[in-house]
Number of protein chains: 2
Amino acid sequence: MGATKTEHFTDKQNALATLTKALGHPARIAIMEYLIKVDACICGDIVNHLPLAQPTVSQHLKELKQAGLIKGEVEGNSICYCIDEKAIGKLLSYFTALANRIEKKNSCC
Amino acid sequence: MGATKTEHFTDKQNALATLTKALGHPARIAIMEYLIKVDACICGDIVNHLPLAQPTVSQHLKELKQAGLIKGEVEGNSICYCIDEKAIGKLLSYFTALANRIEKKNSCC
DNA sequence: ATTCTTTATCGTAATATTGCAATATTAAAT
DNA sequence: ATTTAATATTGCAATATTACGATAAAGAAT
């Protein structure tokens with residue numbers, strides 16, 4: 001086993017899990033925060049701000065990109081990365097809905 | 001290696017990664033949604049609503065609990081699980097802040 | 001006391017993730 | 001054309017996750 005049984009869950013559940021899983025690592029959180037902190041898309045410069053080797057950072061960027069959390073465009077001999085707002089929007093609306101649904105309940109714990 | 005280098009990141013980054021990582025599996029998303037859908041804490045009954053064996057569900061519940069996303073109290077010979085609102089609050093406020101910070105930027109991608 | 005029910009834990013196999021050195025790629029700069 | 005700079009890919013070792021059968025634990029019901 002070891003493989004997630006995605007086929008047993010809904011597309012929405014899988015899609016959300018893909019986003020949260022991609023954010024489920026402090027290095028990828030740090031990358032997202034750095035992309036936001038700097039007031040533009042980052043072309044290069046990410047590796048130097050993380051305590052990880054270049055191949056490791058590259059791999060994390062790849063995962064964030066595959067999950068749809070960031071976009072990357074080639075720009076000269078470097079690559080311009082920036083946050084994909086849509087993904088953050090999805091996360092925000094999901095957790096907003098979740099919080100609303102919880103508020104309406106009588107908590108029994 | 002295979003072990004996350006948590007020591008290189010901030011407590012906040014690690015804390016958030018813990019929450020998102022716990023939600024980074026469709027079964028755990030499904031558990032959270034089921035806990036909210038049913039209008040009370042669930043005592044038992046979770047296993048029957050998931051396409052996974054009982055030990056697997058138990059393990060997922062353990063992870064959600066360790067991450068602080070759910071609370072569990074013994075109640076007779078079953079256990080009463082419910083969402084921990086604080087954790088959802090943390091996620092919501094984090095993504096809200098993130099979205100706000102993005103909105104203020106000039107998007108360059 | 002025994003059985004039933006519910007949940008947890010142990011053990012283990014299959015698979016995935018993390019991290020990095022080495023190397024490749026690609027385009028700019030000289 | 002060669003060198004330099006930035007990023008990606010490959011290959012691999014260490015570790016973590018996922019899943020579940022078997023078993024344990026603990027209270028409820030008989």
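The chains referred to below are lettered A, B, ... by the order of the sequence lines, with proteins before strands, and numbering in each begins at 1. All figures in this text were calculated on a predicted structure; none of them were measured in a lab.
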Examine dT6(C): is either OP1 or OP2 under 4.0 Å from a nitrogen or oxygen in the side chain of S78(B)? Give yes or no. no
Whichever of T6(A) and V47(A) has its nearest DNA chain D nucleotide further upstream toward 5': V47(A)
Roughly, in whole Å, what's the span from CD in E73(B) to P in dG27(D)? 16 Å
Distance check, rounded to the nearest 0.5 Å: I102(A) atom CD1 versus C82(B) atom SG? 9.5 Å
One should read off an interatomic distance between N14(B) CG and K5(B) NZ, to the nearest 0.5 angstrom, of 13.5 Å
Select one nucleotide: of dA19(D), dT9(D), dT7(C), the one nearest the side-chain heavy atoms of S58(A). dT9(D)
Less than 4.0 angstrom between a side-chain N/O of T56(A) and OP1 or OP2 of dC20(C), yes or no? yes
What is the distance from NE2 of H60(B) to P of dT9(C), rounded to the nearest Å? 15 Å
Report the residue from L61(B), L35(B), T18(B), L91(B) that forms a side-chain contact (heavy atoms from CB on, under 4.5 Å) with L69(B). L91(B)
Without decimals, in angstroms, what is the distance between L61(A) CG and dT17(C) P? 16 Å
Which is true for T4(A) with a 4.0 Å heavy-atom rule: it touches a base, it touches only sugar-phosphate, or it touches nothing? sugar-phosphate
Could you check how far CD1 of I70(B) sits from C1' of dT7(C), rounded to whole Å? 13 Å
Between dT9(D), dT15(C), dG21(D), which one does the side chain of A53(B) approach most closely? dG21(D)
Atom CD of Q59(A) and atom C1' of dT18(C): how far apart are they, to the nearest Å? 7 Å
Starting at NE2 of H8(B) and ending at C1' of dC20(C), how long is that distance when rounded to a whole Å? 12 Å
Specify the separation, in whole Å, of atom CG of N48(A) and atom P of dA6(D). 8 Å
Just the rounded figure in Å: distance from P of dT7(C) to CD1 of I31(B). 12 Å
Ignoring hydrogens and angles, answer whether the base of dA8(D) and the side-chain atoms of Q54(A) contain a donor-acceptor pair closer than 3.5 Å. yes
Using a cut-off of less than 4.0 Å, is there contact between a side-chain N or O of Y81(A) and OP1 or OP2 of dA8(D)? yes
At less than 4.0 Å, is any side-chain N or O atom of K21(B) found next to OP1 or OP2 of dT17(D)? Yes or no. yes
Apply the side-chain contact (heavy atoms from CB on, under 4.5 Å) test between Q13(B) and each candidate in R28(A), E33(A), M32(A); give the one that qualifies. E33(A)
H25(B) vs dA19(D): side-chain N/O to OP1/OP2 distance below 4.0 Å: yes
If you round to the nearest 0.5 Å, how far is CD1 of I83(A) from CG of L98(B)? 6.0 Å
Nearest-neighbour nucleotide for the P55(A) side chain, dA22(C), dT18(C), dT7(C) considered: dA22(C)
